[in-house]
2 protein chains.
Amino acid sequence: MQHCDCLLTDMSDSDSLPVMMHERERWQLILTRLRDKGIVRVADLVGVTGASVATLRRDLAKLEDSGQLRRVHGGAESVASGQTPLTAPSFDASQTLNADLKQAVAQGAANLCQDGDSIILNAGSTTWFLAQCLRRHRMQVLTNSFPIAQELIAHSANRVVLPGGELYREAGIILSPFDEDAIQHFAASKMFMSCYSITPLGVIESDPLIARAEAKLLSRTEKLIVVADSTKFEARGNMVVCPLARVTTLVTDTGAPPHMLDHLRQQGVEVFLIDPKEAKVLTAA
Amino acid sequence: MQHCDCLLTDMSDSDSLPVMMHERERWQLILTRLRDKGIVRVADLVGVTGASVATLRRDLAKLEDSGQLRRVHGGAESVASGQTPLTAPSFDASQTLNADLKQAVAQGAANLCQDGDSIILNAGSTTWFLAQCLRRHRMQVLTNSFPIAQELIAHSANRVVLPGGELYREAGIILSPFDEDAIQHFAASKMFMSCYSITPLGVIESDPLIARAEAKLLSRTEKLIVVADSTKFEARGNMVVCPLARVTTLVTDTGAPPHMLDHLRQQGVEVFLIDPKEAKVLTAA
DNA sequence: GCATTCTTGATTGACTGTGATCGTTTCACA
DNA sequence: TGTGAAACGATCACAGTCAATCAAGAATGC
């Protein structure tokens with residue numbers, strides 16, 4: 001018997017085998033799917049985890065008990081979908097969308113930073129990629145994004161300043177309805193802003209609370225550098241953060257529509273185009 | 001049996017010795033795997049280390065005692081599972097000191113919380129353990145500790161509010177030299193405070209900036225609950241956060257010096273004594 | 001050299017997670 | 001409003017895991 005046991009564990013060491021998922025692994029998987037899709041079905045989870053419906057029901061019950069999701073008939077939904085007023089996409093989800101483009105743009109933007117700078121990063125997946133490019137830098141960074149703060153503190157020597165407010169779980173943003181704040185004492189040489197979309201009307205966000213927070217950050221600097229991959233140039237969202245004339249610089253990739261770039265240049269915006277294929281090359285154009 | 005063991009270690013391990021592994025080597029291996037995968041199974045560890053399940057269980061118990069992981073049925077999970085681990089040296093250090101006492105005190109303090117409460121947690125290892133006990137709660141929590149915020153956001157349904165300011169890497173504390181802040185709009189029913197020491201002069205901290213930050217938090221509530229294990233009752237540090245008369249409740253363990261407890265009771269402080277051996281028992285005394 | 005302490009491994013009974021089955025409840029469609 | 005299908009909670013037996021205990025070997029100190 002023991003022989004058999006030993007042999008088994010020995011062979012199954014490579015974790016590719018779908019032997020049996022641990023309870024916590026299932027929980028993590030469930031919560032991840034929930035963050036991405038907002039809702040999960042028991043039947044789907046059976047296929048993904050290989051566990052029985054009974055087990056998955058128990059999992060959902062426990063996770064609901066600890067407040068990490070809300071059960072509905074047929075599955076479960078994210079707690080945030082009802083509780084949080086934010087309409088922003090979840091951090092994890094938007095992080096994986098057009099990741100290569102965002103990464104290229106982020107790398108291009110990082111080249112505009114110098115040690116000693118004081119910069120602002122708003123919450124967004126592109127700015128998160130940007131934060132990843134700042135591991136060797138030594139700057140002061142004000143950000144309202146919890147994941148960006150995590151990244152900078154854990155993997156760089158940059159100093160991090162946070163605004164006060166409530167931490168919104170899904171989007172990982174710190175928001176406050178009040179004006180008094182420590183950030184009113186922060187002066188930045190430039191702000192990097194990622195956004196929901198860019199239209200002739202200006203830089204657009206999808207959520208009024210977020211738009212307000214970004215406008216607040218924007219008041220702490222003169223120079224605004226918008227980082228946006230080429231998929232951002234279609235009309236979406238409805239909250240204008242600022243007009244295009246307020247933008248100092250735009251960093252985007254070569255897929256951006258030329259007529260929008262022309263329009264931006266007419267407004268006095270300096271445009272940097274990054275070729276995603278040779279990501280390190282920065283082309284002033 | 002022995003055959004099996006030998007065979008196993010021989011075959012399964014590409015990168016190590018067929019002889020017995022030292023305790024510390026196993027610990028390091030366990031923690032490394034934990035960082036990589038977020039979760040480890042006892043059965044897997046048997047295959048990797050060649051040690052028996054009993055030994056590995058003891059390892060996990062010790063590592064949990066020192067706060068370096070959290071045991072779950074079938075294995076153990078990372079204390080900051082899912083999130084970027086915040087490896088703050090000094091935070092980790094104070095976290096592992098008297099971890100069992102702190103954990104017991106934290107559990108006792110957690111019993112004083114109810115769903116719907118608005119509470120404040122200052123930065124400290126005891127309050128960090130307390131945050132771990134709040135996974136099933138649904139409260140509003142104001143904290144100036146980054147690791148506590150991480151824990152609450154990742155593993156509970158509590159709402160989290162942060163003060164603004166600079167994030168200090170080593171201690172994981174958010175500090176601001178300014179008064180204007182979002183927390184001035186926060187009203188809490190109680191504050192849980194961990195501290196550097198407790199003396200007849202009051203609750204003591206070692207750093208003036210931290211003392212000031214805690215005094216600022218303290219102004220947002222009437223009821224102050226100090227959580228401190230019995231090793232905190234010796235004169236250390238030099239910054240008085242508040243006098244003992246300001247303390248509403250003290251939660252400590254049974255090893256606390258009786259004369260200090262008497263003195264505290266004379267000041268009108270309600271004292272809860274926790275027996276670390278039977279941690280769940282809460283004795284009003 | 002001998003005793004003490006520490007680490008380790010095996011055994012035991014108790015406990016927890018799992019999957020299958022039951023009857024009941026809820027949902028969707030007519 | 002009624003009906004069938006799906007989903008639900010409760011329960012049971014099985015397997016894996018747990019903490020406690022004892023015994024054997026290695027390291028340490030006198």
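Below, chain A is the first sequence line, B the second, and so on; all start at residue 1.
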Criterion side chain to side chain donor-acceptor pair (under 3.5 Å) on B:Ser125 and B:Lys102, from CA distance to verdict: CA-CA 8 Å; B:Ser125 52; B:Lys102 288 174 177 172; 3.0 Å; yes
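- Listed nucleotides: C:dG17, C:dT7, C:dG19. Nearest to the side chain of A:Ala54: C:dG19.
- For A:Arg26 against C:dG17, a side-chain-to-base donor-acceptor contact under 3.5 Å is absent.
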Chi angles and distances behind the salt bridge (Lys or Arg N to Asp or Glu O under 4.0 Å) call for A:Glu64, A:Arg70: CA-CA 5 Å; A:Glu64 181 179 44; A:Arg70 183 182 311 115; over 6 Å; no
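- In summary, B:Arg265 and B:Glu270 do not engage in a salt bridge, as defined by a charged side-chain N under 4.0 Å from a carboxylate O.
- Distance B:Leu60 CG to D:dA19 C1': 13 Å, rounded to the nearest Å.
- For A:Arg58 against D:dG9, no side-chain N or O and base N or O form a donor-acceptor pair under 3.5 Å.
- Residue B:Thr55 places at least one side-chain N or O under 4.0 Å from the OP1 or OP2 atom of C:dG9.
- The aromatic ring centres of B:Tyr168 and B:Phe146 sit 6.0 Å or more apart.
- Using a 4.0 Å cut-off between charged side-chain N and carboxylate O, B:Arg41 and B:Glu77 make no salt bridge.
- By the 4.0 Å N-to-carboxylate-O rule, B:Arg138 lies too far from B:Asp115 to be salt-bridged with it.
- Across all strands, B:Arg71 comes closer than 4.0 Å only to sugar-phosphate atoms, never to a base (heavy-atom distances).
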Would you list the protein and nucleotides 3-7 of chain D atom pairs, both N or O, that sit under 3.5 Å from each other?
unit_1 : atom_1 : unit_2  : atom_2 : d
D:dA7  : O4'    : A:His73 : NE2    : 3.4
D:dA7  : O3'    : A:Gly74 : N      : 3.2

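- Looking at the side chain of A:Asp59, the nearest of the listed nucleotides C:dA10, C:dT7, C:dT18 is C:dT18.
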